[in-house]
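Worksheet: one structure, shown below.
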2 protein chains.
Amino acid sequence: MIKKTYKFSTASVDYYFEGQLSQLGKIVDKTHTVIITDENIFKAHGNKLKNWNTIVLKAGEEFKIQPTVDTIVEQLIELGADRKSTLVGIGGGVITDLTGYVASVYMRGIKFGFVPTTVLALVDASIGGKNGIDVGVYKNMVGIIRQPSFLLHDLSLLSSLPQSEWENGFAEIIKHACIKDAVMFKELEAHTLADYQKKKSLMTALIKRNALIKTKVVQADEFESGDRKLLNYGHTLGHAIENMYELSHGQAISIGMTYACHISEQLTGFKQTEKVVNLLSKYGLPTYAEFDKKKAFDILQKDKKKVKTEMSYVLLNKIGQGVVKNIPLTQLKNIIESL
Amino acid sequence: MIKKTYKFSTASVDYYFEGQLSQLGKIVDKTHTVIITDENIFKAHGNKLKNWNTIVLKAGEEFKIQPTVDTIVEQLIELGADRKSTLVGIGGGVITDLTGYVASVYMRGIKFGFVPTTVLALVDASIGGKNGIDVGVYKNMVGIIRQPSFLLHDLSLLSSLPQSEWENGFAEIIKHACIKDAVMFKELEAHTLADYQKKKSLMTALIKRNALIKTKVVQADEFESGDRKLLNYGHTLGHAIENMYELSHGQAISIGMTYACHISEQLTGFKQTEKVVNLLSKYGLPTYAEFDKKKAFDILQKDKKKVKTEMSYVLLNKIGQGVVKNIPLTQLKNIIESL
């Protein structure tokens, strides 16, 4: 277990790389900790959670909603959780989002930490303090930005991860490559998903590299006034179609990235769409898709990234260099309809 | 309208003293503002809110709950509120708490301001950034500390305030006198509630004095690690019995202050219980009450102010000087049962 501390503008976060879930007791005091996890994780790894106060939720994005928050709050009261308690979310992005959000509002805010158990949570959802829930078809409409106290990485937990969840996670890894890291883009082109699944050292290095890409971006712009917006690459159209068609997050943003390449062609002169599409396909992700463009635009208009009459949209200048453009809604509507 | 800016550790807040609701358009941009108010206020002062986007809620503490938050979020989405929108809560403590809480989590946080319309909201609820909702019998169990951008005082709005709400507000004023301001305690002894209701200049000065007492305490300790706890005088037992017996907040904390005087006699040698009880009675507030001590203690144990096995309890050394004591729960149980 290697401990490194990263400072954000509001708090410091301890990252424990190459650790094990069984070492959790070294980080938090068992008697004043409540673990939040889901049925899948509890089934696969529950033996490591004996004698911990644990709240087990149903698994799935469809439970990242207010009624689940209400249930957790009730259980925390029941368990006698107080201002000195720590919540630990063990799971994927749904669990980390819910745990961070509940911890931020329970008794006006208590401590929390994460043990991410999916590739997506390891490289993205657990990092940066954005926590929240969906409201109807609108993703992450309610939430808060607040940093966890710690992150504990235990890659052995990936043993129970279904193939589709590996692909999901690689969508965010490819996103990082597109907006920030042309060298990693080449590395991904040179390997396959199976390589990363087989070779532990390769995967460990990839996870750490991606966790640090995201960490650096957030450190520089915690409240998303500038560079942090780049992390939304593929997410604007992606979020709009994700709940419309019950896509996985990775599938949705993969389609979102594909179309963002095409919008980039029109607005920044981007010329590498084919390379991006090929890499997404290579990692099992969908790229082009039939979708109801009118409905998608309607949902997209309610996106948090809309400000007054413009949408802040992430495009690519070239692979490894994302850029944020404010596109007037009227223009964006035409572009989307012409896709 | 007199503008003064007060700095807190996380933000600055503009206070507009001696203003008018009709001047709201000078503070916020009408097109990007949503007003949140209740039916009583809308009935009495709705004519001043023409052409403003307005969400009108049912009035009452029983609606300071999550389902109301859900409704507001849905309406904000419907109204197209985005990250540049401002929410303005016009009402008493329930409205300011709900508005501040929703604004803190909608799209991960947008701006908000308050126009307090009750004595209690003017001197207490609108100040200091504590916003939140009740969960079952537990008061303010879920919430956040985040400062409003502005406060606008318009004392003419008190014209529609029922007598019981005046008494409610004076409970918090007497609290301020007990913990921080012996001179004001004497002023209150020398006057009656009717004096303050009749004489505008007297009331204006009292409101300002109290707003500044609270502001100073919060400025010194925004996240309640020290002196801010004093503001909980009367609130520990008060909160426990408030929802048990459907008391108004002022009635509940008045009873809470009375018993806190008696606990002070035992633990700090406080000798002025009679003076406090007399002043509370003079302003129409209840003092001694029959209540289920066992049940009250059970609820009180879940209070946010409990940390591990101790309760942080506010006592008085003398009038004008509050003090925080950590009382072991076992001892507190005995004291409460002996009251």
Side-chain angles (χ1 to χ4, degrees), chain A residues 10 29 31-32 65-67 69-74 76-85 100-110 129-146 222-225 299 301-312 329, chain B residues 10 29 31-32 65-67 69-74 76-85 100-110 129-146 222-225 299 301-312 329:
Chain A
T10 54
D29 167 13
T31 33
H32 296 286
I65 50 174
Q66 185 60 43
V69 173
D70 297 342
T71 307
I72 298 170
V73 167
E74 276 164 31
L76 289 175
I77 294 172
E78 202 63 41
L79 289 165
D82 66 29
R83 284 183 169 162
K84 293 282 176 204
S85 300
Y101 183 51
V102 171
S104 300
V105 299
Y106 183 71
M107 292 193 170
R108 298 201 193 93
I110 62 175
K130 279 192 186 176
N131 307 294
I133 53 171
D134 302 338
V135 178
V137 292
Y138 307 112
K139 297 267 303 167
N140 304 319
M141 202 61 171
V142 160
I144 211 160
I145 297 183
R146 189 161 170 264
E222 189 169 355
F223 293 99
E224 201 169 314
S225 52
I299 295 177
Q301 278 192 74
K302 306 272 186 185
D303 192 284
K304 293 186 297 299
K305 294 178 278 296
K306 191 204 83 171
V307 167
K308 299 183 179 175
T309 59
E310 291 191 330
M311 181 68 76
S312 154
L329 286 178
Chain B
T10 54
D29 167 13
T31 34
H32 296 286
I65 51 173
Q66 185 60 43
V69 173
D70 297 342
T71 307
I72 298 170
V73 167
E74 275 165 33
L76 290 175
I77 294 172
E78 203 62 41
L79 288 165
D82 65 30
R83 283 182 170 162
K84 293 283 176 202
S85 300
Y101 183 51
V102 171
S104 300
V105 299
Y106 183 71
M107 293 192 170
R108 298 201 192 92
I110 63 175
K130 278 191 186 177
N131 307 294
I133 53 170
D134 302 337
V135 178
V137 290
Y138 307 111
K139 297 268 303 168
N140 303 319
M141 201 61 170
V142 160
I144 212 161
I145 297 183
R146 188 160 169 268
E222 188 168 356
F223 293 99
E224 200 169 314
S225 51
I299 296 177
Q301 279 192 76
K302 306 272 188 186
D303 192 283
K304 293 186 297 300
K305 294 177 279 296
K306 191 205 82 170
V307 167
K308 298 182 180 175
T309 59
E310 292 191 329
M311 182 68 75
S312 155
L329 287 177

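Every chain is numbered from 1, with letters handed out A, B, ... down the list of sequences. In this text the structure is predicted, and so the values were computed from the model without any measurement.
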key: Atom group of B:F223 that falls short of 4.5 Å from chain A, counting heavy atoms   = neither
inquiry  = Using 0.5 Å steps for rounding, measure from the NZ atom of A:K84 to the NZ atom of B:K308.
reply    = 7.0 Å
Interface moiety of A:S85 toward chain B, non-hydrogen atoms closer than 4.5 Å = neither
key: Residue, of A:R146, A:E74, A:K130, A:Q301, that accumulates the most heavy atom pairs under 4.5 Å with chain B   = A:K130
query = Can you name the residues that form a side chain to side chain donor-acceptor pair (under 3.5 Å) with A:K304, not counting sequence neighbours?
reply = none
ask   = Which of the residues A:V69, A:V142, A:D70, A:V102 is involved in the greatest number of heavy-atom pairs with chain B at under 4.5 angstrom?
value = A:V142
ask   = Closest approach of A:M141 and B:I77, non-hydrogen atoms and distance?
value = CE-CG1, 3.7 Å
Which portion of A:V73 sits near chain B, non-hydrogen atoms under 4.5 angstrom = side chain
request  = Determine the minimum heavy-atom distance between A:I145 and B:R108, stating which atoms define it.
outcome  = CG1-CD, 3.7 Å
Throw together a table of side-chain donor-acceptor distances under 3.5 angstrom for residues 132-139 of chain B, partners on residues two or more places apart or in other chains.
residue, atom, partner, partner atom, Å
B:D134, OD1, B:N140, N, 2.9
B:K139, NZ, B:E61, OE2, 2.7
B:K139, NZ, B:E242, OE2, 3.0

query = Under 3.5 Å, side chain of A:K306 to main-chain N/O of B:D82, donor-acceptor pair present?
reply = no
request  = Under 4.5 Å, counting heavy-atom pairs only, tell me which of A:D303, A:I144, A:V307 racks up the most with chain B.
outcome  = A:I144
query = Of the backbone (N, CA, C, O) and the side chain (C-beta and beyond), which part of B:T31 lies under 4.5 Å from a heavy atom of chain A, both, or neither?
reply = neither
ask   = chain A heavy atoms under 4.5 Å from B:E224: which part of the residue, side chain, backbone, both or neither?
value = side chain
